[in-house]
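Data first, discussion second: the structure below is written as structure tokens.
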There are 2 protein chains.
Amino acid sequence: MTLDERKKKVLQAIIRDYISTAEPVGSRTIAKKYELGVSPATIRNEMADLEELGYIEQPHTSAGRVPSDKGYRYYVDCLMKKQKLTEQEETIILGRYKTKVQDIGTVLRQTNSILSGITKYTSMVMGPQFTKSNLRYVQLVPFDSNKALVIVVTDSGLVQNKILDLPQSVTEVDLQKISQVMNAKLQGVSIDQIKLTLIKEIYYELSKHKHIFDAAMDLIQETLDLNHEEKVYLAGTLNILNQPEFRDLGRVRTLLSLLEQEKVLKEILSEGSSSETGISVTIGAENRVDGLKDCSTITATYQIDGRTVGSVGIIGPTRMDYEKAVCIVEFMTCHLSKIMKDFYGH
Amino acid sequence: MTLDERKKKVLQAIIRDYISTAEPVGSRTIAKKYELGVSPATIRNEMADLEELGYIEQPHTSAGRVPSDKGYRYYVDCLMKKQKLTEQEETIILGRYKTKVQDIGTVLRQTNSILSGITKYTSMVMGPQFTKSNLRYVQLVPFDSNKALVIVVTDSGLVQNKILDLPQSVTEVDLQKISQVMNAKLQGVSIDQIKLTLIKEIYYELSKHKHIFDAAMDLIQETLDLNHEEKVYLAGTLNILNQPEFRDLGRVRTLLSLLEQEKVLKEILSEGSSSETGISVTIGAENRVDGLKDCSTITATYQIDGRTVGSVGIIGPTRMDYEKAVCIVEFMTCHLSKIMKDFYGH
DNA sequence: TGTTAGCACTCTGCCATGTCGAGTGCTAAA
DNA sequence: TTTAGCACTCGACATGGCAGAGTGCTAACA
């Protein structure tokens with residue numbers, strides 16, 4: 001189903017115009033603004049064809065045309081030219097990062113806020129997955145007479161902590177000992193795998209210290225039973241209020257309450273991870289999440305050591321500036337990968 | 001400026017009615033719904049008086065009356081009866097808490113979400129202030145060949161961490177030593193005070209270890225230069241979309257973008273901390289934050305060991321159900337104080 | 001003196017109506 | 001195949017009339 005040159009041009013003109021004005025676009029406008037060298041009447045004929053093929057739609061008789069999801073899809077796949085950010089835009093973005101990388105959460109938050117600020121859409125960033133990281137360090141610290149604080153650090157820089165109840169008999173020295181054994185056995189192992197195999201070895205090691213054995217095993221179990229949820233950062237939710245398609249309060253509510261659910265954000269972001277090119281555009285009804293049927297998302301992943309560890313995405317109306325947005329998302333993920341590389345410096 | 005009995009009753013009826021219907025209330029409605037034993041005409045006279053005194057207002061001629069800020073203030077101070085939650089409501093609230101307290105952030109988040117869920121307003125919770133807590137434990141952990149992770153734990157259960165660059169010469173053993181010295185000297189001291197006096201002692205202690213002295217001092221400086229911002233949790237922002245006074249998108253945008261700024265939230269919450277009773281109601285234009293002039297806030301503080309460590313608040317339209325809301329906020333802070341007490345168990 | 005009934009008046013919200021402009025589809029001519 | 005012309009459709013907007021809610025005022029009443 002390939003379109004002839006002129007149809008492509010008309011479709012492109014419609015989409016470009018609609019993206020920038022948010023108004024149904026008529027034959028006259030196209031003839032005037034985009035120099036196709038033909039009269040409105042001719043364009044009307046082309047438009048009738050395009051409508052029949054499903055690339056554009058008419059909100060009602062005697063209104064202009066509006067791109068359909070299929071139209072956007074064609075645009076994204078075939079018509080859109082891949083842009084590059086200008087030198088200037090890149091420096092603006094880079095300038096917004098605070099200088100020093102001190103912790104990974106801050107970097108992700110910054111990235112997120114820059115992304116939503118530049119694109120004017122809503123953006124999300126998902127951090128490295130805790131369970132897929134390797135354990136770097138475990139420490140049990142006495143907290144008060146009958147509680148201990150557990151700190152688990154992964155090599156992707158994530159730190160998790162929680163407080164455990166401590167059996168009476170366990171002393172500070174015992175905690176130290178347990179920490180040591182765990183570190184010795186578990187360092188460098190991925191959090192995922194720890195539960196399965198290695199605990200036996202710890203059993204063996206600790207069996208030399210009979211008096212705390214039972215208590216210790218409970219503690220280790222609890223220690224590793226951490227909150228495995230990876231965090232999703234969200235920014236620029238209010239940007240949707242500036243989109244004319246969200247002048248309706250009901251819609252705003254629906255979308256915002258979707259965005260409050262981390263589950264949904266993860267679902268959106270997981271879309272991209274399957275794609276080979278790393279960047280993925282989902283348009284309107286292609287979205288698996290109900291209630292996002294008139295939104296589009298662009299997602300991409302970032303890497304540490306070539307290993308995909310997280311993703312980044314934006315959400316906007318289907319009338320999104322795909323050309324620009326794709327290019328910004330791409331730049332941000334690249335840069336994020338680069339930061340990670342510098343930070344973990346191999 | 002004390003009102004006679006009947007005026008009080010009329011004002012109370014107007015406010016009650018307006019709170020529940022959000023419609024300007026007329027003399028007829030009051031005469032019918034609230035049994036004052038007089039005719040609408042009489043009530044009209046009373047209303048004219050009340051309007052002259054500034055307790056109520058008329059949106060336009062031939063509309064009913066609406067309470068003014070002054071009217072609400074009088075209601076809150078004099079007319080409102082202090083309610084108590086029913087047994088049943090209390091069990092519902094308590095039931096929403098997940099059983100085990102594992103970390104302080106989770107407790108605060110839960111409290112927040114319960115509060116906004118029950119009141120149907122937007123709620124905020126501010127955690128213990130990091131700088132006012134006492135240091136419980138510091139640990140420098142090697143992260144990779146030239147970085148270390150610092151973990152600082154306070155006795156209010158806050159954990160902060162960040163990554164530092166490490167000078168070449170410092171070994172794992174050195175880090176351990178530095179941690180030890182810091183723990184020995186700083187445990188139990190409030191974060192506020194650490195910077196001022198105690199660092200000298202550490203200087204002295206570490207001067208025995210000449211070879212790492214300079215590096216160590218830098219590290220300690222950096223360690224203590226943590227992010228001092230206390231976190232404010234926000235929940236139920238979308239609840240405002242259900243309030244008829246926010247049917248207007250512009251207003252929604254103004255309010256939501258205010259709520260995105262942590263600074264503003266802190267300003268709101270700080271209101272209450274000056275009050276003696278612990279609970280504080282701010283109505284409409286009383287609000288210092290511009291853009292909150294047609295909102296009311298109710299804030300209260302919670303304690304650990306009788307020491308005020310954080311606060312809790314809700315934001316709603318001035319047409320807020322003060323009676324109910326005050327009572328819920330009060331209950332929540334009491335309960336929060338109780339949780340804290342159990343948790344830190346003295 | 002306080003309370004009430006009655007009445008004229010005002011303002012909003014709603015609906016029906018009419019008009020204007022934008023845009024289309026169709027047809028016939030170039 | 002392209003274009004000009006024309007009739008038609010639909011939404012946006014302004015207008016006017018009407019109903020309903022509520023008030024303020026006045027005069028009568030207890």
Side-chain angles (χ1 to χ4, degrees), chain A residues 3-11 13-18 20-68 71 244-245 247-249, chain B residues 3-11 13-18 20-68 71 244-245 247-249:
Chain A
L3 301 177
D4 68 50
E5 266 322 295
R6 197 170 60 193
K7 282 198 177 46
K8 282 185 190 170
K9 279 193 177 161
V10 172
L11 180 56
I14 293 174
I15 292 180
R16 290 256 165 90
D17 205 76
Y18 187 64
S20 68
T21 65
E23 296 290 329
V25 13
S27 51
R28 193 174 224 291
T29 319
I30 291 184
K32 243 193 301 181
K33 275 211 242 173
Y34 304 82
E35 292 148 10
L36 302 189
V38 290
S39 78
T42 311
I43 291 177
R44 278 207 285 282
N45 290 331
E46 298 288 26
M47 283 166 97
D49 292 350
L50 284 169
E51 181 163 9
E52 201 170 346
L53 293 168
Y55 293 105
I56 54 180
E57 292 164 350
Q58 228 175 347
H60 57 87
T61 358
S62 93
R65 300 310 211 291
V66 161
S68 66
E245 24 274 281
R247 245 176 298 128
D248 172 46
L249 257 193
Chain B
L3 301 176
D4 68 49
E5 266 322 296
R6 197 170 61 193
K7 282 200 176 45
K8 281 186 191 171
K9 280 194 176 160
V10 171
L11 180 56
I14 292 174
I15 292 181
R16 291 256 164 88
D17 205 77
Y18 187 65
S20 70
T21 64
E23 295 291 328
V25 13
S27 52
R28 195 175 223 290
T29 319
I30 292 184
K32 242 191 301 179
K33 276 211 244 173
Y34 305 82
E35 291 148 10
L36 303 187
V38 291
S39 78
T42 311
I43 291 178
R44 279 207 285 282
N45 290 330
E46 299 288 26
M47 283 164 96
D49 292 350
L50 284 171
E51 181 163 9
E52 200 169 346
L53 293 170
Y55 293 106
I56 54 180
E57 290 164 352
Q58 226 175 348
H60 58 87
T61 0
S62 94
R65 300 309 212 291
V66 160
S68 66
E245 25 273 281
R247 245 176 297 128
D248 172 45
L249 256 194

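Order of the sequence lines fixes the chain letters, A, B, ..., with proteins taken first and strands second; residue numbering starts at 1 for each chain.
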Distance (rounded to the nearest 0.5 Å) between B:D49 CG and B:L3 CG: 10.0 Å
Evaluation steps, salt bridge (Lys or Arg N to Asp or Glu O under 4.0 Å), between B:E51 and B:R65: CA-CA 8 Å; B:E51 181 163 9; B:R65 300 309 212 291; 2.8 Å; yes
Euclidean distance, atom CD of residue A:Q58 to atom C1' of D:dG11 [Å, nearest integer]: 13 Å
Considering all heavy atoms, the nearest A:I56-A:L11 contact: CG2-CD1, 3.8 Å
Over all atoms of both residues, closest heavy-atom pair of B:S27 and B:P40: CB-O, 3.5 Å
Interatomic distance, B:N45 CG vs D:dG24 P [rounded to whole Å]: 9 Å
Under-3.5 Å donor-acceptor pair between B:R65 side chain and D:dG24 base: no
Separation of atom CE in B:M47 from atom P in D:dC25, rounded to whole Å: 15 Å
Strictly under 3.5 Å: I want the nitrogen or oxygen pairs between protein and nucleotides 7-9 of chain D, one per line.
{"from": "D:dT9", "atom 1": "O2", "to": "A:S62", "atom 2": "OG", "distance (Å)": "2.9"}

Non-neighbouring partners of B:R28 that pass salt bridge (Lys or Arg N to Asp or Glu O under 4.0 Å), sequence neighbours left out: none
Any A:D17 side-chain heavy atom under 4.5 Å of A:K33 side chain: yes
Sugar-phosphate, base or nothing in reach of B:A41, heavy atoms under 4.0 Å: base
Strand-adjacent residues in residues 20-39 of chain A, judged by heavy atoms under 4.0 Å from DNA chain D: A:V38, A:S39
Separation of atom CD in B:E57 from atom C1' in D:dG22, rounded to whole Å: 17 Å
Whole angstrom value for the distance that separates P of C:dG25 from CD of A:E46: 13 Å
Spatial distance of atom OH (B:Y34) from atom CZ (B:R16) [nearest 0.5 Å]: 8.0 Å
Least distance between heavy atoms, A:P59 atom then A:E57 atom: CD-O, 3.8 Å
Toward the 5' end of DNA chain C, by each residue's nearest nucleotide, B:H60 or A:A63: B:H60
d(CD1, A:I56; P, C:dT24) in whole Å: 9 Å
Nearest-angstrom distance from the residue atom CZ of B:R247 to P of C:dG13: 10 Å
Test side-chain contact (heavy atoms from CB on, under 4.5 Å) applied to B:K9 and B:I43, B:V38, B:I14, B:L36, the passing residue: B:L36
For atom CG of A:D49 and atom C1' of C:dT24, their distance in whole Å: 14 Å
Presence of B:R6 side-chain N/O under 4.0 Å of C:dT3 phosphate oxygens OP1/OP2: yes
